[in-house]
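Below is one structure, written out as structure tokens; comments come after it.
Protein chains get the first letters and strands the later ones, always in sequence-line order, with residue 1 at the start of each. Remember, predicted model here, so these are calculated numbers, not experimental data.
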Number of protein chains: 2
Amino acid sequence: MNIVQTVRERLPDLSKNEYKVAQVVLNDPEAIIHTSTATLAQTAAVSEPTINRFCRRIGCKGFPDFKLQLAQQLAKGTSYVNSQINDDDSVADVTDKIFAATQSALATAREKIDRDAVEATINCLVEARKISFFGYGASASVAHDAQNKFARFTTPAIYSDDHLVQKVAAINSLPGDVVLCFSHTGRTKMLCEIAQLAHENGATVIGITAKDSPLAKFCHIVVSTEVPEDTDHYMPMASRIAQMVLIDAIVAGFALAHGDDMKQRLARVKAGLKDSRYPANPSNNK
Amino acid sequence: MNIVQTVRERLPDLSKNEYKVAQVVLNDPEAIIHTSTATLAQTAAVSEPTINRFCRRIGCKGFPDFKLQLAQQLAKGTSYVNSQINDDDSVADVTDKIFAATQSALATAREKIDRDAVEATINCLVEARKISFFGYGASASVAHDAQNKFARFTTPAIYSDDHLVQKVAAINSLPGDVVLCFSHTGRTKMLCEIAQLAHENGATVIGITAKDSPLAKFCHIVVSTEVPEDTDHYMPMASRIAQMVLIDAIVAGFALAHGDDMKQRLARVKAGLKDSRYPANPSNNK
DNA sequence: ATACGATTTGTAATTTAATTACATTAATGT
DNA sequence: ACATTAATGTAATTAAATTACAAATCGTAT
């Protein structure tokens with residue numbers, strides 16, 4: 001998948017001259033993209049066929065294929081991915097790595113997303129009498145964010161980070177109500193409890209969570225965001241970003257399903273918020 | 001910048017046969033990547049030099065250059081970007097467009113980020129006696145999320161969405177306290193008020209916001225996330241995601257600045273949370 | 001040590017791809 | 001309708017990548 005990473009990994013398998021080529025490649029992958037076998041051979045001080053052999057050994061069809069993969073990798077900005085953050089990294093390094101990891105996570109999530117589940121979720125939400133958003137820890141801000149988005153529409157949207165308030169809301173669920181639960185692992189006990197209560201009381205329970213998790217058992221619909229391993233293992237980073245973008249997509253689909261009517265409403269909401277902002281025109285703010 | 005978009009825009013400038021080529025390209029950009037002039041010429045039913053001329057007119061150096069740009073574009077997933085969401089888009093289309101827009105926003109943010117400001121922010125936070133996170137609307141969840149992250153460390157981290165609570169916190173700021181304000185536009189009146197109060201009381205005010213905005217005036221440090229225009233103009237989407245990733249980077253830098261000691265603490269926090277989760281091993285959760 | 005085999009590497013030839021030069025055709029305006 | 005310009009294709013040229021094969025290097029066993 002990740003060509004730069006692959007080159008790095010296969011480094012020990014390479015012969016002396018192939019190794020030289022690898023060094024040149026790793027030293028400045030960007031440059032390779034606009035290079036021919038001839039010039040690369042020259043910079044690495046090897047012969048042209050060695051370049052070709054190098055590409056083959058790495059697992060590419062040939063040099064053009066290698067260049068292409070490299071180009072795509074770099075465009076994705078994922079050349080850094082999987083390279084763990086080190087203690088001696090500069091701030092710039094860390095920033096770059098975090099961004100890279102997130103970008104790659106989004107790319108994966110985008111590919112792996114279950115479009116049917118997303119569609120089903122939107123349909124549910126459009127029909128919903130009331131929507132509640134629940135999540136704990138890092139997922140709490142995702143739930144918060146989701147509520148924020150949906151508050152712009154007319155369907156009542158609930159969010160609270162108080163477990164008792166959530167419990168009450170879950171118990172008071174009726175058929176036609178939708179409960180959206182956020183959890184990366186799907187193993188948060190309190191959230192499972194909420195989901196179960198809501199389920200038992202007839203609400204439609206939707207989980208933005210891992211497939212086959214304990215939480216998934218209480219969900220009518222599961223939208224899983226299959227995000228590769230987080231860079232930082234101590235707190236979820238990329239996964240919750242993916243969840244948020246997923247919610248953005250769901251919100252957009254929701255708004256679309258409501259058609260023109262909704263557009264006008266959004267415009268009205270925006271106009272209504274105008275007074276709480278300073279005007280955009282720079283001449284107006286002293 | 002965006003090759004697919006460029007092709008679409010230049011469509012009227014093209015000659016009859018070049019247009020045919022453009023059609024083939026737009027119809028399946030993916031396919032082009034693994035194609036030669038010869039085969040593309042055949043599918044478009046034109047001659048080989050026409051392919052070359054097409055590439056030149058679009059602004060590329062030649063066919064290989066065109067292929068490369070296309071490959072990078074598609075890898076970035078930004079081929080859709082700038083293509084507004086239409087009323088007749090399917091759920092899959094909308095999802096794809098939202099993801100694409102976010103991915104492209106992240107890529108831009110990553111490039112444009114002010115690394116010095118990020119570094120300065122991290123240094124401030126490391127020295128901070130207390131950190132408060134404030135934001136309204138969509139930025140509220142960003143502030144919430146940030147607080148969540150920093151709560152894992154030992155520096156007191158405050159978040160509230162209650163304006164009065166925020167005001168009190170701002171007024172009670174002392175030198176050595178850091179106040180982090182989130183706002184995409186930097187024109188939210190209430191937030192400016194908070195920032196001003198905090199500033200007057202001697203806190204270090206950091207704004208994750210637009211440069212030269214009213215809010216920026218009250219900030220000691222401004223980290224701007226220059227994100228291109230949001231796809232959906234009715235609510236900020238990509239911009240707040242960029243802010244969150246930026247916070248991730250800052251948190252990572254913060255943790256790193258604290259060194260080993262912090263790693264152990266994070267591990268301990270994680271262990272402490274264990275009881276609130278079901279075990280990961282599937283055999284355990286019947 | 002040295003001779004054998006295997007592996008690596010380079011030279012030269014071949015194939016394939018891309019571009020250029022030029023001729024032909026089509027289109028447009030007078 | 002004719003002249004002029006633009007568009008297109010054919011054939012030639014150039015450039016790039018790959019293959020085939022020979023030379024060199026390296027390790028190993030005698």
Side-chain angles (χ1 to χ4, degrees), chain A residues 3 6-74, chain B residues 3 6-74:
Chain A
I3 259 280
T6 309
V7 172
R8 230 177 258 136
E9 277 166 13
R10 301 287 306 269
L11 229 43
D13 306 346
L14 302 177
S15 73
K16 189 162 61 78
N17 280 14
E18 283 167 2
Y19 188 88
K20 285 206 274 181
V21 177
Q23 286 302 331
V24 175
V25 169
L26 291 175
N27 181 51
D28 187 4
E30 294 271 359
I32 309 304
I33 295 174
H34 304 287
T35 298
S36 65
T37 40
T39 49
L40 178 54
Q42 200 165 8
T43 27
V46 299
S47 71
E48 295 191 29
T50 302
I51 304 295
N52 190 274
R53 286 191 277 258
F54 163 79
C55 297
R56 293 258 166 82
R57 192 174 304 249
I58 293 301
C60 293
K61 250 193 77 187
F63 183 66
D65 183 42
F66 176 70
K67 260 188 354 188
L68 215 66
Q69 296 220 33
L70 207 56
Q72 299 212 331
Q73 205 67 58
L74 295 174
Chain B
I3 258 280
T6 309
V7 173
R8 230 177 256 135
E9 276 166 13
R10 301 287 305 268
L11 228 44
D13 307 345
L14 302 177
S15 73
K16 189 161 61 77
N17 279 16
E18 283 167 3
Y19 188 88
K20 283 206 277 182
V21 176
Q23 286 301 332
V24 174
V25 169
L26 291 175
N27 181 51
D28 187 4
E30 293 272 0
I32 307 304
I33 295 174
H34 304 286
T35 297
S36 67
T37 41
T39 48
L40 177 55
Q42 199 164 10
T43 25
V46 299
S47 70
E48 294 191 30
T50 302
I51 304 294
N52 191 274
R53 285 190 279 258
F54 163 80
C55 297
R56 293 261 166 82
R57 192 174 305 247
I58 294 300
C60 294
K61 249 193 79 187
F63 184 66
D65 182 43
F66 176 70
K67 261 189 352 189
L68 216 66
Q69 296 221 32
L70 207 55
Q72 298 211 332
Q73 205 68 58
L74 295 174

Tell me the interatomic distance from [X], atom [atom1], to [N], atom [atom2], rounded to whole angstroms.
X: Asp65(B); N: dA17(C); atom1: CG; atom2: P; answer: 19 Å
X: Arg53(A); N: dG10(C); atom1: CZ; atom2: P; answer: 8 Å
X: Glu18(A); N: dT9(C); atom1: CD; atom2: C1'; answer: 10 Å
X: Asn17(A); N: dA24(D); atom1: CG; atom2: C1'; answer: 12 Å
X: Lys16(A); N: dT9(C); atom1: NZ; atom2: P; answer: 6 Å
X: Tyr19(B); N: dT8(D); atom1: OH; atom2: P; answer: 14 Å
X: Phe66(B); N: dT19(C); atom1: CZ; atom2: P; answer: 12 Å
X: Lys20(B); N: dG9(D); atom1: NZ; atom2: C1'; answer: 12 Å

Q. Taking five pairs at each end of the helix from dA1(C)-dT30(D) to dT30(C)-dA1(D), what angle separates the two helix axes (nearest 10°)?
A.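 End-to-end axis angle for the helix from dA1(C)-dT30(D) to dT30(C)-dA1(D): 10°, rounded to 10°.
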Q | First of Ser36(A) and Leu14(B) reached from the 5' end of DNA chain D, by closest nucleotide | A |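 Looking at DNA chain D, the more 5' nearest nucleotide goes with Leu14(B).
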Q. Given that Asp13(B) and Glu48(B) both sit by DNA chain D, which one's nearest nucleotide is further toward the 5' end?
A.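 On the 5' side of the pair lies Asp13(B).
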For the side chain of [X], starting at C-beta, report the closest nucleotide among [options].
X: Ser15(B); options: dT19(C), dA7(D), dG10(C); value: dA7(D)
X: Pro49(B); options: dA11(D), dT11(C), dT9(C); value: dA11(D)
X: Arg56(A); options: dG9(D), dT18(D), dA17(D); value: dT18(D)
X: Asn52(A); options: dT19(D), dT11(C), dA17(C); value: dT19(D)

May I ask you to evaluate whether [X] reaches the phosphate of [N], defined as a side-chain N or O under 4.0 Å from OP1 or OP2?
X: Lys67(A); N: dA17(D); value: yes
X: Ser47(A); N: dT9(C); value: no
X: Thr50(A); N: dT9(C); value: no

Q. What distance separates Phe66(B) CZ from Thr6(B) OG1, expressed to the nearest 0.5 Å?
A.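 Rounded to the nearest 0.5 Å, the CZ-OG1 separation comes to 9.5 Å.
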Q) Which distance, rounded to the nearest 0.5 Å, do you find between the CD1 of Ile51(A) and the NZ of Lys20(A)? A)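 The CD1 atom of Ile51(A) sits 10.0 Å away from the NZ atom of Lys20(A).
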Donor-acceptor contact present, side-chain [X] to main-chain [Y], <3.5 Å:
X: Arg10(A); Y: Arg57(A); value: yes
X: Gln73(A); Y: Ile3(A); value: yes
X: Arg56(B); Y: Gly62(B); value: no

(Q) Around atom CD of Gln42(B), are there more than 12 heavy atoms from other residues, nucleotides or ligands closer than 6.0 Å? (A)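 Open: at most 12 neighbouring heavy atoms sit under 6.0 Å from CD of Gln42(B).
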Q. For Tyr19(B) and Leu14(B), which heavy atoms make the closest approach, and how far apart are they?
A.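 Shortest heavy-atom contact: N-CB, 4.0 Å.
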